[in-house]
Amino acid sequence: MEKPFLLHMFTPTQNVSPFDVNMAYDAGYQAVIPYTDVALDQIAPLTQDCIFSRGPRGAKRTGIFIGGREIGLAADMLDAAKRAMVPPFEVSVFADPSGAFTTAAAMVASVEGQLRKTHGTDLSGKQVIILGGTGPVGTAAAVLASSAGARVRIASHTSFDRARMTAEVARARYGADASAAIAGSTDERRELIVAADVVLATAKAGVQVLSALELTHAKKLLVAADLNAVPPAGIEGLGVMDNGVTLKNTNAVGIGALAIGNIKYQNMRAMFELMLSAEKPLYLDFRDAFELARKQVAAS
Ligand SMILES: NC(=O)c1ccc[n+]([C@@H]2O[C@H](COP(=O)([O-])OP(=O)(O)OC[C@H]3O[C@@H](n4cnc5c(N)ncnc54)[C@H](OP(=O)(O)O)[C@@H]3O)[C@@H](O)[C@H]2O)c1
C-alpha cells in the first residue's frame with residue numbers, strides 16, 4: 001500500500017490556522033498534523049524527525065508547512081528546515097505565515113494585471129503607498145511591489161517608529177526600496193495619497209483606511225487594491241468583488257478583497273499541489289507564490 005500524503009504544520013503561535021488546514025486537505029494531503037508554540041531552535045530536530053522514518057520514496061509524500069504571524073521568523077524557520085535536511089532524506093517545505101505570502105502575491109500580481117490592462121503600464125518606477133502596511137501581509141506586499149520595480153512607502157496609523165522598523169526589515173532582509181510614513185490623520189493621508197500611483201489597503205479586517213473624500217486628492221492614482229472583506233470597506237466605495245471598476249471621482253480602478261481572495265485561494269492550493277507532485281523537494285516562499293500568481297492573473 002502507498003504511504004499517505006502527510007503534512008507537518010509547524011507554527012510558533014498557539015494554534016495553526018484552520019484556513020491553512022482546510023486548504024491543505026482540499027489540495028490532497030491525507031493527514032495534516034499541527035505542532036504549536038514551536039521555537040526556531042526546534043525546527044531542525046522536528047524536521048529530522050520528519051525525514052528519516054519514511055525512506056526517500058516516503059519523503060516525496062511528506063511535506064512541512066510553516067505558519068505563524070511573523071514573516072521574518074517564518075523565513076528563518078524555512079531556512080532552518082532546509083539546513084536540517086540530509087539528502088536523500090529531504091522533504092518539501094512551504095512557508096506562508098498568516099497567509100501573508102500567498103495573499104500579498106495575489107494582491108501585487110492583481111495590481112500588475114490592472115496596471116497593464118487599464119493603463120498599459122507596470123509597477124516599474126511607481127509610487128506605492130501601503131496603508132496598514134505594518135502587518136504581515138503589508139510587509140510581504142511591500143517586498144513584492146519593490147521587487148517589481150516600485151518605490152514603496154509603508155504607512156502606520158499609530159506609530160512612525162513601527163512603520164520605520166517594518167521598512168527596515170523589508171530593506172535589510174530583502175533589499176526592498178521601502179520607506180516609512182505615518183497615516184493617522186486626514187492631512188497625513190492626503191499628503192501621501194497625492195503622490196501615489198498605487199494604493200494598497202492591508203490594514204486589520206473591518207477597518208476603513210481611506211475615505212471617498214480623501215480619495216479625491218489622489219490625482220495620480222492608477223490602481224487601488226483593498227484586502228479587507230469585513231465591512232466597512234478598507235477603501236470607501238471599493239466593492240469586495242470589484243476588479244477593474246473605476247473609483248468615483250478618480251482615474252483609478254479598484255480591486256476588492258474577494259477578487260484578490262480568488263487568486264490567493266488558487267495560489268495557495270497550487271503551492272500545495274506543487275509539493276504533492278514534486279519529484280524533488282521544493283522550498284516555497286513568497287517569491288514562488290508571486291511567480292505563480294502572475295501566471296494565474298494572466299490566465300484569469
Ligand atoms: N483574502 C485573503 O485570503 C486574506 C488572507 C490574509 C489576510 N487577509 C486580510 O488582509 C489584511 C491584512 O492582514 P494582516 O494579517 O497583515 O493584518 P493585521 O496584522 O491584523 O493588521 C495590519 C495592520 O493594520 C493596522 N491597523 C490596525 N488597526 C487599524 C485601524 N483602526 N486603522 C488603520 N490601521 C489599523 C495595524 O498597523 P498600525 O497600527 O501600524 O497602523 C496593523 O499592523 C486583513 O484585512 C486580512 O483580513 C486576507
Side-chain angles (χ1 to χ4, degrees), residues 11 13 16-23 26 67-74 95-111 129-145 153-170 178-186 188-189 192-193 199-211 214 224-236 238-243 255-272 286 289 293 296-297:
T11 179
T13 49
V16 296
S17 148
F19 185 103
D20 297 343
V21 173
N22 293 348
M23 290 295 297
D26 290 350
R69 289 277 307 155
E70 290 175 47
I71 69 169
L73 179 55
D96 195 17
S98 207
F101 290 172
T102 48
T103 306
M107 183 180 222
V108 178
S110 298
V111 166
I129 307 293
I130 309 189
L131 298 170
T134 56
V137 178
T139 314
V143 172
L144 290 178
R153 294 196 78 186
I154 295 173
S156 166
H157 84 301
T158 44
S159 155
F160 182 79
D161 269 357
R162 192 163 141 78
R164 187 181 51 72
M165 283 186 287
T166 309
E168 176 56 29
V169 168
S179 59
I182 185 86
S185 68
T186 293
E188 287 163 346
R189 283 191 291 277
L192 279 174
I193 292 307
V199 171
L200 306 181
T202 62
K204 188 175 91 166
V207 165
Q208 186 175 104
V209 288
L210 203 59
S211 70
E214 288 165 342
D226 180 16
L227 270 181
N228 173 28
V230 179
I235 297 176
E236 193 179 10
L238 206 171
V240 285
M241 296 300 291
D242 288 359
N243 196 359
I255 314 173
L258 297 187
I260 296 167
N262 180 35
I263 298 291
K264 181 248 157 65
Y265 175 87
Q266 291 177 38
N267 191 264
M268 191 170 186
R269 185 177 174 116
M271 297 284 271
F272 280 131
F286 61 89
Q296 289 165 328
V297 167

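As the structure lists them, so they are numbered: ligands from 1, and atoms in each ligand from 1.
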So which bit of V209 gets within less than 4.0 Å of ligand 1, heavy atoms only: side chain, backbone, both or neither?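 Side chain only; the backbone of V209 stays clear of ligand 1.
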
Give the contacting part of V207 toward ligand 1: side chain, backbone, both or neither, where contact means a heavy-atom distance below 4.0 Å.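 It is the side chain that gets close, since no backbone atom is under 4.0 Å.
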
Which protein heavy atom lies closest to [atom], and at what distance to 0.1 Å?
{"atom": "atom 7 (C) of ligand 1", "result": "V137 CG2, 3.9 Å"}
{"atom": "atom 5 (C) of ligand 1", "result": "T103 OG1, 3.0 Å"}
{"atom": "atom 27 (C) of ligand 1", "result": "K204 CB, 3.7 Å"}
{"atom": "atom 23 (C) of ligand 1", "result": "G132 O, 3.6 Å"}
{"atom": "atom 37 (O) of ligand 1", "result": "T134 OG1, 2.8 Å"}
{"atom": "atom 9 (C) of ligand 1", "result": "L227 O, 3.8 Å"}
{"atom": "atom 3 (O) of ligand 1", "result": "K264 CD, 2.9 Å"}
{"atom": "atom 1 (N) of ligand 1", "result": "G261 CA, 3.9 Å"}

Considering only heavy atoms of [X], which atoms of ligand 1 have at least one such atom less than 4.0 Å away?
{"X": "T202", "value": "11 (C), 12 (C), 22 (C)"}
{"X": "S98", "value": "6 (C), 15 (O)"}
{"X": "T158", "value": "38 (P), 39 (O), 40 (O), 41 (O)"}

Between ligand 1 and A203, is the shortest N or O to N or O distance under 3.5 Å?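 Looking only at distances, the answer is yes, because the N/O contact criterion of under 3.5 Å is met.
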
On a heavy-atom basis, which atom in L192 and which in I182 lie closest, and how many Å separate them?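 That closest heavy-atom pairing would be CD1-O, 3.9 Å.
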
Please name the pair of heavy atoms, one in R189 and one in V209, separated by the smallest distance, quoted to 0.1 Å.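 Closest approach of R189 to V209: CD-O, 3.1 Å.
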
Considering R69, H157, R162, M165 one by one, which has a heavy atom nearer to atom 41 (O) of ligand 1 than any of the others?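 Comparing heavy atoms across R69, H157, R162, M165, the nearest one to atom 41 (O) of ligand 1 lies in H157.
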
Using only heavy-atom distances, determine whether the side chains of S156 and R162 contain a donor-acceptor pair under 3.5 Å.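 Judged by distance alone, the side chains do not pair up.
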
Under 3.5 Å side-chain donor-acceptor pair for T102 and N267: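 Checked: T102/N267 side chains show no N/O donor-acceptor pair below 3.5 Å.
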
Can a non-hydrogen atom of P136 be found less than 4.0 Å from any atom of ligand 1?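 It does, in that a heavy atom of P136 comes within the 4.0 Å cut-off of ligand 1.
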
Would you say A205 contacts ligand 1, with heavy atoms under 4.0 Å as the rule?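 Right, A205 reaches ligand 1.
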
Any non-hydrogen protein atom below 4.0 Å of atom 29 (C) of ligand 1?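 Protein heavy atom within 4.0 Å of atom 29 (C) of ligand 1: present.
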
